[in-house]
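What follows is one structure encoded as structure tokens, with my remarks underneath.
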Amino acid sequence: MGISAPRGTQDFYGPYMDAVLELEATMRDLCDDFGFSEIRTPMFERLELFQRGVGETTDIVQKEMYTFTDKSRHAREFALKPEGTAGVVRAYLERKMYAETQPTKLYYITPAFRYEKPQKGRFRQFHQFGIELFGAEGPEADAEVIGLGYQMLQRLGIKDVVLHLNSLGDADSRKKYNEILVGFLKDNEEGLCETCRERMVKNPLRVLDCKIESCQAIIKDAPLMLNHLSQADTAHFEGVKAYLEEMEIPYEVDPWIVRGLDYYTRTVFEFISNDIGAQGTVCGGGRYDGLIEEMGGQPTPGVGFGAGIERLLLTVENAKGQFKARQKVDLFIGAMGETAKVKAMGLANKLRMAGVGTSVDLLGKSVKNQMKYANKIDAKYSFIIGDNELASGQITIKNMETGDSDTIGFDQIADYIKKV
RNA sequence: GUGGAUAUAGCUCAGUUGGUAGUAGCGCCAGAUUGUGGUUCUGGAUGUCGUGGGUUCGAGCCCCAUUAUCCACCCCA
């Protein structure tokens, strides 16, 4: 075989493609109902955007980005987007959306690219649905974002997903807590793995995420951010929980979720599935009150999440079974002989114009095989046109499901099919 | 970046101690009195056995390398 697709990429076609389209349609309806509007930002941006937005210390920036230089003399560096938020924040500032009525509520459906080793639920080109809500600092904004995520799962018919919720505090309390945590980790340094010792210096919060048993043993006694929140942070977190309860959204407080992107403050959450393999996070997000300022804007609060379309579809498939091809046509027109073939083309075109999905034989198959074909493509109705029909102006239209048939005139076909 | 498994027809897979590939199932194409599908029956097509080396008289089967896929770690969606 010739050239194959790049590692970790997929071709979308057939029933899986249909499932993707259906999912995207669900997302768009959902966002309409919450008053979010779609935004599409470029597939690539200046490298600095992601370095600043996602965070220099993250794995995404340090080793997973697809970067390149274009042909410009200025030797600018670009990167394919590794996630959705940075580009949307850039657009918010560049297009001065802050000057419009606030809050700004946006959603996106986009490919994203990360150079990683592929496995179940993980690709080098994957697809994200995400939302961003700018300009609202109260807990009701967090609740609205989480609520949208929850409804997304409900509308997709996904059940076995648990909402994990945590608060990381604001920049100040995070800083104070960091000192306490580092102190604790230093006291227990001998027991930690190598990467944890490194992380202890660069990004101590991440140590809490370590899955190595010996580290876990130490971590379970570590001081928790949740117990070192400021009064304002606590009030915010309690607010979020109260809203979720009123909205009847079940959650588990999980002090261990930290999230690997640097920009999060206060609320962080993940919707986690446990039946799609090791990559169980189907949707993850939180509040990022410092990000917009970091990117050069006025201090502006923000909340959002990203959801992995491939992972969502894995859970959908678990819940509903294998994806089936969607029915594409209402009618198949078969033909015998040259004159009939020409007439069939003309009829098909008129019917399509009238909104009746129609296929015709393009291979010169026998009548029997044309019928087999009609069955294969799952047409609802079919008829054959030959010398008899040409002479009488009447066709016998057959319901492929029931096998019943009726004889009608050429000009009655569209109405006949639409009536049912 | 680390580790494990796999790589034979379009798909799922057989292939026995190495003797130059399957009556396998599904799918595809066609036929069963010349104008009607879904069931049944019959027939048919299709493989550089992932790629490149090596061992051997001889390799799908052994060895090495390489690529890809899957799974896990890491990280994340």
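Since we're looking at a predicted model, the values are computed, not measured. A note on names: the letters A, B, ... follow the listed sequences, proteins ahead of strands, and every chain is numbered from 1.
- Minimum atom distance to the side chain of A:Gln119 is reached by B:C74, of the listed B:C74, B:G3, B:G27.
- Put simply, the side chain of A:Lys372 and the base of B:U36 share no donor and acceptor less than 3.5 Å apart.
- Spacing of P atoms, B:G10 relative to B:A45, comes out at 15 Å, to the nearest Å.
- For B:G38, its base never sits under 3.5 Å from the side chain of A:Asn375 at any donor and acceptor pair.
- In this model, no side-chain donor or acceptor of A:Glu401 finds a partner on the base of B:G37 within 3.5 Å.
- Taking the charged nitrogens against the carboxylate oxygens, A:Glu38 and A:Arg28 do have a contact shorter than 4.0 Å, which makes a salt bridge.
- The nearest whole Å value for the distance from the CD atom in A:Glu270 to the P atom in B:A77 is 8 Å.
- Judged by Watson-Crick or G-U wobble contacts below 3.5 Å, the nucleotide B:C26 has B:G10 as its partner.
- A straight line from NZ of A:Lys365 to P of B:G31 spans 10 Å, rounded to a whole angstrom.
- Considering only side-chain N and O atoms, A:Asn369 lies under 4.0 angstrom from the phosphate OP1 or OP2 of B:G31.
- Separating the CG atom of A:Asp361 from the C1' atom of B:U36 is a distance of 13 Å, rounded to the nearest angstrom.
- Rounded to whole Å, the separation between the P atoms of B:G38 and B:U6 comes to 42 Å.
- Taking atom C1' on both B:G47 and B:A24, the two are 16 Å apart, rounded to the nearest angstrom.
- Residue-to-nucleotide contacts include a donor-acceptor pair under 3.5 Å from the side chain of A:Lys398 to the base of B:G37.
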Yes or no on side chain to side chain contact (heavy atoms under 4.5 Å, CB included) for A:Phe237 and A:Val253, after CA distance, side-chain angles and deciding distance? CA-CA 10 Å; A:Phe237 193 48; A:Val253 173; 4.3 Å; yes

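- Computed from coordinates, the A:Phe271 CZ to B:C76 P distance equals 19 Å when rounded to whole Å.
- Note on A:Phe332: nothing from the nucleic acid sits closer than 4.0 angstrom, heavy atoms only.
- Using a 4.0 Å heavy-atom criterion, one finds that A:Glu116 contacts the bases of the nucleic acid, with or without backbone contacts as well.
- Between A:Arg155 and A:Asp33, at least one side-chain nitrogen of the basic residue sits less than 4.0 Å from a carboxylate oxygen of the acidic one, meeting the salt-bridge criterion.
- Base engagement by A:Glu389 is indicated by at least one non-hydrogen atom pair under 4.0 Å involving a base atom.
- Scanning atom types as modelled, one donor and one acceptor separated by under 3.5 angstrom connect the side chain of A:Asn388 and the base of B:G35.
- In this structure, A:Lys63 reaches neither bases nor backbone, as no heavy-atom distance under 4.0 Å exists between it and the strands shown.
- Within the cation-pi definition used here (under 6.0 Å to the ring centroid, within 45° of the axis), A:Arg124 qualifies as a partner of A:Tyr115.
- The partner of B:G60 is absent, by the rule that a Watson-Crick or G-U pair needs both atom distances under 3.5 Å.
- Side chain A:Arg122 to base B:C70: no donor-acceptor pair is found below 3.5 Å.
- Between A:Arg7 and the phosphate of B:U69, there is a side-chain N or O to OP1/OP2 separation shorter than 4.0 Å.
- Each of A:Gly8 and A:Ile309 was assigned the nucleotide of RNA chain B with the nearest heavy atom; the assignment lying further toward the 5' end belongs to A:Gly8.
- Taking atom C1' in both B:A30 and B:G15, one finds a spacing of 30 Å when rounded to whole Å.
- Both distances falling under 3.5 Å, in either a Watson-Crick or a G-U wobble arrangement, place B:G1 opposite B:C73.
- Figure legend. B:A45 is base-paired to no nucleotide; pairs are counted as Watson-Crick or G-U wobble with both atom distances under 3.5 Å.
- As rounded to whole Å, 19 Å separates atom P of B:U6 from atom NZ of A:Lys120.
- Using a 4.0 Å heavy-atom criterion, one finds that A:Ala374 contacts no nucleic acid atom at all.
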